[in-house]
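Report on the structure given below.
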2 protein chains.
Amino acid sequence: MSSKSLDYENLNENVKKCQYAVRGELYLRASELQKEGKKIIFTNVGNPHALGQKPLTFPRQVVALCQAPFLLDDPNVGLVFPADAIARAKHYLSMTSGGLGAYSDSRGLPGIRKEVAEFIERRDGYPSDPELIFLTGGASIGVMQILNTIIRGAHDGILVPVPQYPLYSATISLLGGSFVPYYLEETANWGLDIGNLRQSVTQARSQGITISVLNVALAYLVYLCICDKVRAMVIINPGNPTGQCLSEANLKKDTITPYIEILFNAHPFMLLQWRRYTRFSISLSPNVSGQIFMGLMVSPPKPGDISYERYVRESKGILESLRRRARIMTDGFNSCRNVVCNFTEGAMYSFPQIRLPPKAIEAAKSAGKVADVFYCLKLLEATGISTVPGSGFGQKEGVFHLRTTILPAEEDMPAIMASFNKFNDEFMEQYETRGLFKDVKRNGETSTCCLHKLASPEKQLASPPSLIPTFM
Amino acid sequence: MSSKSLDYENLNENVKKCQYAVRGELYLRASELQKEGKKIIFTNVGNPHALGQKPLTFPRQVVALCQAPFLLDDPNVGLVFPADAIARAKHYLSMTSGGLGAYSDSRGLPGIRKEVAEFIERRDGYPSDPELIFLTGGASIGVMQILNTIIRGAHDGILVPVPQYPLYSATISLLGGSFVPYYLEETANWGLDIGNLRQSVTQARSQGITISVLNVALAYLVYLCICDKVRAMVIINPGNPTGQCLSEANLKKDTITPYIEILFNAHPFMLLQWRRYTRFSISLSPNVSGQIFMGLMVSPPKPGDISYERYVRESKGILESLRRRARIMTDGFNSCRNVVCNFTEGAMYSFPQIRLPPKAIEAAKSAGKVADVFYCLKLLEATGISTVPGSGFGQKEGVFHLRTTILPAEEDMPAIMASFNKFNDEFMEQYETRGLFKDVKRNGETSTCCLHKLASPEKQLASPPSLIPTFM
């Protein structure tokens, strides 16, 4: 092989850099430990089914029938599938030509886009046109398509709140746009800091950059604001990795014109509603079974349907358990030494701040690691809890976090938090005190004297800010 | 709305340009005609199920069970699913943690990558390591990931045979690489023209461009060649839009080191085998039901299994019918006036050359259309046959094609070809003769005289070239 061979060294540097934090060093080490037989609690990715969440029965029944349409002609089908699932499968199959093995229209099946538009109208009272709905195979693809469409060059800047999901910075860089970060305010429940924001915008504009705003998250609702000085604004809600939600009042501010709406659900899928676009197709066809799942999410069984009660029981059960788990986790973190954490209002993430003692930061430096990576690796080795260091999402200088999910089974949660607490105590014990104590000779005897203690962290964080500022 | 609003005019020009030929003007017109009640034969996309191809029963049974895993606990499941499908569903579900609703490893489920590696070893006798297999959700994503990895800047050129699937030129442009085209030789069954190729390479190198070779297609086998002067070479086989296959001898040439193998099948999915890469993940997780379909394609039912005979009957039935349809279509085109066509050896495409008379080219110009678009639109209006103009894939100056698929139902094929023939005859009659005739006065009477006739086209094309040249 010659020196010009295609190998890791001469790959595109952006690709090498763009290794996601959620699948980075921590994840690889966790996979190794798992192979060695260690029990790993994977909370690095929002992957509820992998952590034991049961699928909703009705949508799975419908999609199974769509996958195997010959079952609909089987005289025994009624023995294993309820009549409303059979009817719904026929309904979706009648929308396709060729079933799940065929490409659909690039924007998605017209019948499902109609169901989505009806859902938006029902929920928001805002008129929605199925011809302007785009279905994409996953949120990442949708975000990339939007960014690809918006970004024309380095003069197009995307204003992104930090901490952010690294997909955004990586995609903006790949597309040759300008990444314009601003920090969310953790003590204001990850709300906007207007001063910081204005500073970022002013600085970018002084460089001739037209601003678009991308408020990143893995979420269920997006509005895009158009005004004279801002080319595009996208708010995705709730936040990732921060897990905060915008209030209804925030979302209804007159200054924000409903423009693009993106809707996610637990089965990763996304809807876009473009209001003024000429119709054009970027890709061939989104996955058809994913489209049908989306149809089922926006039009679940209705009262009176055979599957209604079961569906409500299952979906309510999941949501209520998630809320309880969010509470256990937030309270658990806040009871830990040098850890503070906002409550998880939505999405699936908890993003506690870990106040690392200077000695821990030094030890990390000696080990050639970023301090939060160092902490998360030690947490993984000690407890099997696989998290994502906050530096993967961006954070202020000298401030450290980790991202975990609230998804481990509810019955396991107290033990996980106890295990975290124990590790954290030992970690803090090791690094907080060492060096802060000094051997002192007194009356001929050497004793250890505590020079100072770190100030106890504020455990109570402020309530969410009440409005989203307008960008003038 | 201000002038800075986000609308079609101020979108990224590359995105506007990158509207795929396969979903462009012809497709939109066909969709309109369909809405008006005209019967449309959609042959613009290789979409077999949309044109009536029945799904293979066994894979669909297995994936349906994986979608609805609670069926495996249903005492009646054996009444609607055969025992080997049930066993196989359990086999695949045991590979996942969380089933089809959970993300898998970014590279795909280890168990399925193992099945793929075993398939490659069995078929090629070439050792294959599951750790180096990547599964991606569709061929386009795989191609984009490879190009993204290879291309570092404008000095990285990708040598692409033309006609090409427009995904490649669009992606190379998006990634900031250099598109280095060379023409395939139609009279040599779309084989390589070494002279043309050398010229393209020499010219690119004189501009300081390092060449990578991308031999585009929708296909089942890729080898990547590394040698001193060529950074990477990818051969995808069979071709798209051209439908030609490389011979076994071609693929085994010593000069081509097996390096990357890409495997497609009718359910769009792709396997990559990277030989020397450090492992790293670009995206979160390929679609898990797609992965299971891939597993089922590389390890179908074996002799003795309950579903074996049915599977063989169904899959042989599809392949044999495709071969017969390819023959009917190629012979049909070659029997048409001014149409010549190579035989479809693989993939699903037929790419006949239409020798358009000068008058037709002029008429197209007057109508503001590219000549092949003009022809294809008239074909669509007259017959409902929706094709893709060859200019969407790139072709030599003054040479015109259309791409169609061989996928309409076999029983419909003779009527479709008769309808094409009739349209083509009328079209040629209208444009070939007008203006080539002249009114002549003879003995006081005016009569029309044929000045000349276009030479009858060669109907026989040459056989495929016997080797792939090495790039020195």
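Within every chain, numbering begins at 1; the chains are lettered A, B, ... in the order of the sequence lines, protein sequences first and strands thereafter. Hydrogens, waters and symmetry mates are skipped; everything else that's a heavy atom, side chains included, is used. Since we're looking at a predicted model, the values are computed, not measured.
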Under 4.5 Å, counting heavy-atom pairs only, tell me which of B:Gly99, B:Ala50, B:Ala68 racks up the most with chain A.
B:Ala50

Between B:Phe70 and A:Gln61, is there a side-chain heavy-atom distance shorter than 4.5 Å?
yes

Return the OG to CG distance between A:Ser289 and B:Leu100, rounded to the nearest 0.5 Å.
8.0 Å

Any side-chain heavy atom of A:Leu71 sitting closer than 4.5 Å to one from B:Val80?
yes

Could you list the residues that satisfy side-chain contact (heavy atoms from CB on, under 4.5 Å) with A:Arg310, not counting sequence neighbours?
A:Thr57, A:Arg313, A:Glu314

Applying side-chain contact (heavy atoms from CB on, under 4.5 Å), run through A:Phe81 and B:Asp74 and close with a yes or a no.
CA-CA 10 Å; A:Phe81 291 94; B:Asp74 189 314; over 6 Å; no

A:Pro69 side chain reached by B:Arg60 side chain, heavy atoms, under 4.5 Å
yes

Give a yes or no on whether the backbone of A:Ala102 and the side-chain of B:Asn47 come within a donor-acceptor separation of less than 3.5 Å.
no

Pick one of side chain, backbone, both or neither for B:Leu175, based on which atoms fall under 4.5 Å of a heavy atom in chain A.
side chain

Using non-hydrogen atoms and a 4.5 Å limit, figure out which bit of A:Pro75 sits close to chain B: side chain, backbone, both or neither.
neither

